[in-house]
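Since the structure comes first, as C-alpha cells, the remarks are kept for the end.
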Amino acid sequence: MDDLSLFQRVAVWAIPVLFAITVHEVSHGFVALRLGDPTAKMLGRLTLNPIKHIDPLGTIALPLLMLVMTMGSFVFGWAKPVPVTWENLRHPKRDMAIVAAAGPISNLLMALFWALLMRLATSLGMEPGSAMLFLFYVSAAGIKINVILAVLNLLPLPPLDGGRVAVGLLPGPLSWQLSRLEPYGFIIILALLVTKVLGVILQGPVMFFLDLYFSLGGLI
C-alpha cells in the first residue's frame, strides 16, 4: 500500500477497522445474551452501528496516527468494551470464558470473509484504478486488522480476552491469581510494546494466520 496517498489509505482501512472492532464487541454481547446476560442489549450495544461502539482514542485517533506513521502497512484500534454482568450468566466462571472467546473467534471468521473477497478480486483481475484493485486493498487491510486483533486478544493476560478465557478455565487458586493482574494488564502490554517483546511474541502466530488467509485469498 506504499503507493497510496494518505486519503486513499484512510479509505482502504476505514471499513475493515470499523467492521473488525464493531463485530468483535457485538459478538461478546450476543454470546452473553445467549448465556443469560441482557446487559448489552438493554444498553443498545447489540448493534452493528459503529457509532454505538466508537472510542475516540482507540477507534479514531490511534488508527489515523498509525496510518500516518506506518504508511498503511499496520493499523490497530479498539472500540468501547461491551458491558457484561457476570452475575447474570448461568454459569459465571465458565460462561465468561465463552463470552471472552467470542471476540477473537469473530475476528478469525471476519478474516476468512475478507480472504474470500480477496479471492474474488484476484480472480476478476485488478487493473490500475479499478474497483477490483480497491477491493483487493480493502480485503488485505481486513485480513491484517482481524488477524492482529485476534492474536493480540488471545494472549493469556487480563483484561484481554485470552486472559479472561484463562481465568475461566484455570482451577480456583490459579484463576484468582491471574485475575488479580487485570488492573495492570494494559500497563504490562504497553511495557511489552515499548520493549518490542510484544512484537516478538505476536510475530509467529500473526505470520501463520496472515499466510493462511492470504493463501486462501489467492495471493500466495
Side-chain angles (χ1 to χ4, degrees), residues 9-64 66-67 72 74-85 89 95-121 134-155 159-165 168 202 205-206 208-210 212-214 216-217:
R9 292 198 298 271
V10 171
V12 163
W13 281 94
I15 292 176
V17 169
L18 287 174
F19 194 36
I21 62 180
T22 296
V23 174
H24 180 106
E25 293 302 330
V26 171
S27 297
H28 288 314
F30 177 76
V31 172
L33 177 63
R34 299 288 292 181
L35 295 176
D37 176 34
T39 304
K41 181 179 181 181
M42 292 170 58
L43 295 176
R45 296 293 302 279
L46 288 188
T47 173
L48 292 177
N49 179 0
I51 295 176
K52 294 287 187 177
H53 306 282
I54 285 177
D55 178 279
L57 175 60
T59 313
I60 300 174
L62 181 61
L64 285 175
M66 297 190 74
L67 275 173
F74 174 76
V75 173
F76 180 69
W78 63 82
K80 290 189 297 185
V82 164
V84 177
T85 305
L89 299 171
D95 291 351
M96 275 301 296
I98 297 173
V99 169
I105 290 173
S106 74
N107 288 125
L108 294 176
L109 292 174
M110 280 187 285
L112 176 60
F113 165 78
W114 288 115
L116 295 176
L117 287 185
M118 177 180 281
R119 170 71 70 170
L120 175 65
F134 178 74
L135 178 61
F136 173 83
Y137 281 135
V138 171
S139 300
I143 291 172
K144 288 181 181 180
I145 183 62
N146 279 289
V147 164
I148 291 167
L149 279 176
V151 173
L152 176 62
N153 273 287
L154 284 173
L155 290 178
L160 296 177
D161 296 329
R164 288 179 174 153
V165 170
L202 298 182
V206 166
F208 169 80
F209 282 112
L210 287 180
L212 172 63
Y213 288 117
F214 282 137
L216 292 173

Ala97 to Val165 - nearest heavy-atom pair and separation:
O-CG2, 3.4 Å

With rounding to the nearest 0.5 Å, note down the distance linking OG in Ser139 to CD1 in Ile15.
10.5 Å

For Leu48, what residues pass the side-chain contact (heavy atoms from CB on, under 4.5 Å) criterion, not counting sequence neighbours?
Thr22, Val23, Val26

Once you round to the nearest 0.5 Å, how far does CZ of Phe19 lie from CG of Asn146?
8.0 Å

Test of understanding: with ring pair (Phe, Tyr, Trp, His ring centres under 6.0 Å), list the residues that count as partners of His53, not counting sequence neighbours.
none

Quick one: does Leu202's side chain get under 4.5 Å of Ile148's, heavy atoms only?
no

For Phe214, I'd like to know if atom CZ has over 12 heavy atoms of other residues, nucleotides or ligands within 6.0 Å.
yes

Sub-4.5 Å side-chain heavy-atom contact between Leu149 and Met110
no

What are the two closest non-hydrogen atoms of Ile143 and Ala111, and how far apart are they?
CG1-O, 3.8 Å

Which heavy-atom pair separates Gly29 from Leu46 by the least distance, and what is that distance?
C-CD2, 3.3 Å

Side-chain donor or acceptor of Asp37 paired with backbone N/O of Thr85 under 3.5 Å
yes

Find the distance between CG (Leu57) and CD1 (Ile60) and round it off to the nearest 0.5 Å.
10.0 Å

Within-4.5 Å side-chain heavy-atom neighbours: His28 and Asp161
yes

Taken to the nearest 0.5 Å, the spacing of Leu112 CG from Leu116 CG works out to 4.5 Å

Shortest non-hydrogen contact from Leu160 to Leu152?
CD1-O, 3.4 Å

Any chance NZ of Lys41 has more than 12 other-residue heavy atoms, nucleotides or ligands included, within less than 6.0 Å?
no

Scanning both residues in full, the closest heavy-atom pair of Pro16 with Val138 reads CG-O, 3.5 Å

Atom CG of Leu109: over 12 foreign heavy atoms under 6.0 Å:
yes

Would you compute the distance between atom CG of Leu18 and atom CD1 of Ile145 and round it to the nearest 0.5 angstrom?
10.0 Å

Nearest-0.5 Å distance that lies between atom CG in Leu35 and atom CG in Asp95
4.5 Å

Hey, what's the ring geometry for Tyr213 with Phe209, parallel, tilted or perpendicular (30° and 60° as the breaks)?
parallel

Considering non-hydrogen atoms only, spot the tightest contact between Asn107 and His24 and give its length.
OD1-ND1, 2.6 Å

Side-chain donor or acceptor of Arg45 paired with backbone N/O of Glu25 under 3.5 Å
no

